[in-house]
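Values reported hereafter were calculated over all heavy atoms of this structure, with side chains retained and with hydrogens, waters and symmetry mates removed. In listed order, ligands and their atoms are each counted from 1.
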Amino acid sequence: MIQIAVLGYGTVGSGVVEVLETNQELIAKRAGQEINVKYVLDLRDFPGDKIQDKIVHDYDVIVNDPEIQVVVEVMGGIHPAYEFVKAALEAKKSVATSNKALVAKHGAQLLAIAKEKNVNFFFEASVGGGIPIIRPMNTCLTADDVDEISGILNGTTNYILSKMFLEGLDFDTVLKDAQDKGYAERNPEADVEGYDACRKIAILTSLTTGQQVNFEEIYTEGITKITAEDMKYVHKMGKAVKLIATSRKEDGKIYAMVAPFLLDADHPLYSVNNVFNAIFVHGNMLGDAMFYGSGAGKLPTASAVVADVVDAVRQQDHVAVEWNETPLVLADLKGAQRRFFVRVKGGLAEAETIFGSIEKWEQVVEGESGFITPMLSEKEFEEKAEKLSGMIHRIRLI
Ligand code: HSE
């Protein structure tokens, strides 16, 4: 029997216990041994809960127990998760985590410790919740030069944008509905400002390049400025607007960013709606692939964490992951080429003079007009947009 410890008995932690209990027999068959939760670390007590006798408040009990072979870290945040995970690996215990903040910031270092100690640091649930993406990247796509990863990596914002699009509601109304339904946190900043998606694309970019991406260098724009008026144009143009986290290789340079983008109806991410996530990957040999499913939530996330535990039990040795601590230099976004959708007050005469050949969208909202620019670099767009009087909003096209 394998003994494990779960750090944090919140949504995901209780999900891990539930998954292990519900699928106990088949998990034991697949792991080759029964898996038992010996300890649950939390600041709180849980009187009456099935794990009440397993609760410990002192991490030393876990890290110093030679019976514990795998530590599940589902506390979230950097401290003390980082110190706990590091200590577990140094004590030759494998770790499975769903903590994207921890993985994005310290992934390379923790993997190096895992390698040195010949144990594993697995983090499938840190990106895309229950969707398999880390393991496919690390084991199935090793023959490819992956030149693009573009994903809808945040369920909260995808729910909000889908509902704004389908029901014509404004951002604040839909955010409140999402909070009431439990799809958005009371403090929604990490989701709606794109910070959550930023950490996830940082992890995926580190995995494809093998180098450490500093997520603070990734240009990140959230969805708070998207309005019900924008959505009227989006409908009229036959497009969708999605918060896209993207990382693309062009001329050997990596461009990474998170921002709302307009997508055409034939784009694979167009019909990914509500709380679902999807990750589009392009490899130079593979061509296109798409990973779709439940990107958040208690049981989908716990499912990925427990699968990591099973893998940690099956693996006798460290599984190589190409991700070292050398910092990756990201390309300056100003050079990235794309088209932009712009809304302006009044007519389009000035826009035509400044941008040349534009695609016009008039009489969609009273007193204003919309247009799509030709292909421009971000820098060229900024320079031209400064000359434009009465610009209301702009959204990039993918
Ligand atoms: N708040 C996140 C989301 C949870 O909405 O996708 C998973 O990281």
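- Among D177, D191, N154, the one residue that satisfies the side-chain hydrogen bond (donor to acceptor under 3.5 Å, both in side chains) test with Y159 is D177.
- What sits closest to atom 7 (C) of ligand 1 on the protein, heavy atoms only, is K200 NZ, 3.5 Å.
- Taking the six-membered ring wherever Trp is involved, the centroid distance between the rings of F123 and F121 falls below 6.0 Å.
- The atoms of ligand 1 that sit less than 4.0 Å from any heavy atom of K100 are 7 (C), 8 (O).
- Between Y9 and F46, the two ring planes are perpendicular [angle over 60°; tilted spans 30° to 60°].
- Taking the centre and axis of the six-membered ring of F122, the NZ or CZ atom of R135 falls inside the cone set by 45° and 6.0 Å.
- Ranking the protein heavy atoms by distance from atom 6 (O) of ligand 1 puts G155 N, 2.8 Å first.
- For atom 4 (C) of ligand 1, the closest non-hydrogen atom on the protein side is A296 CB, 3.8 Å.
- Heavy atoms of E185 found under 4.0 angstrom from ligand 1: none, in either backbone or side chain.
- For atom 5 (O) of ligand 1, the closest non-hydrogen atom on the protein side is T156 OG1, 2.7 Å.
- V72 has its side chain out of reach of L7: every pair of non-hydrogen atoms, C-beta onward, lies at least 4.5 Å apart.
- Of all protein heavy atoms, the one closest to atom 2 (C) of ligand 1 is D191 OD1, 3.5 Å.
- With a 6.0 Å radius and a threshold of 12 heavy atoms from other residues, nucleotides or ligands, R394 has its CZ atom above the threshold.
- Contacts with ligand 1 closer than 4.0 Å are made by no heavy atom of T157, backbone or side chain.
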